[in-house]
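Below you'll find the structure, written out as structure tokens, and then a few comments.
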Amino acid sequence: MEFFLDTANLEEIRTAQSWGILDGVTTNPTHVAKEGQDHKALIQEICALVPGPVSVETTTVDAEGMIREAEVFATWAPNVVVKVPITPEGIRAARVLRGKGIPVNVTLVFSLPQALIAAKAGARFVSPFVGRLDDAGTDGMQLVRDICVAFSHYTFETKVLAASLRHPVHIIQSALAGAHVATMPFKVMEQLFKHPLTDIGLERFLADARRLAAELEARKTARV
Ligand code: E4P
């Protein structure tokens, strides 16, 4: 499974990139607004840091507007993927962009039929929003499972990108469901490393190594 960061924060992206496990980034207008920087300059910096796909979201509602935005985004960096919403206009734009060779991530997906439409339009990624479904009192992960099962019956090229993930259990469940990608906040990626037994085990190993070093040093001193 590929790991994407769901952020536009350069510091977070630099840190995750330094770990060597970052496969891509998803941004959205909320993430970009938080950074308070010029959109193009920010995306270009992200794209230079991360060689994998970097999703950049359109902010128009008509297909023509989305296509115009997408054509501009695509000139910013070769690894830009354009995010369009799962609306009839978004799908119209996705079809045209596919024809132009601009990869698309269909976003704001909350149902299996929406995911099927995205796949039929030839989207590179489809993004089911797990956490927001959970917030609405439904089992968001069931949607990821359903999409993965349904897609397995066909030969769609569309990758299932589990989005709106809020905690490590969402990553575990996405992997078990067979999602191709999990995009997550930086805090969640950091949490994936953690296990209390790792901390305890490491502490003991280091203490034992220190004890041996001290013993050897003491023996050396006793000999002279
Ligand atoms: C995905 O592409 C979205 O940017 C993101 O996952 C939304 O997550 P949220 O529901 O936590 O805002």
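Below, each value reflects all heavy atoms present in this structure, side chains not excepted, and no hydrogens, waters or symmetry copies. This is a predicted model, so every value here is computed, not measured. Whatever order the structure lists ligands and atoms in, that order sets their numbers, starting from 1.
- Crowding of E157 atom CD: a count of heavy atoms from other residues, nucleotides or ligands under 6.0 Å not exceeding 12.
- Aromatic ring orientation, H167 versus H170: parallel (interplanar angle below 30°, classes split at 30° and 60°).
- In this structure E69 satisfies the salt bridge (charged side-chain N to carboxylate O under 4.0 Å, His left out) test with no other residue, sequence neighbours excluded.
- Judged by distance alone, the side chain of S127 and the main-chain N or O of T107 form no donor-acceptor pair under 3.5 Å.
- For D208, the salt bridge (charged side-chain N to carboxylate O under 4.0 Å, His left out) partners are R211, not counting sequence neighbours.
- A distance limit of 4.0 angstrom between heavy atoms and ligand 1 selects the residues D6, T26, N28, H31, K83, F129, R132, A163, S164, R166.
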Distance-only donor-acceptor pairs under 3.5 Å for side chains of residues 188-205, two or more places apart:
from: H195; atom 1: ND1; to: L197; atom 2: N; distance (Å): 3.0

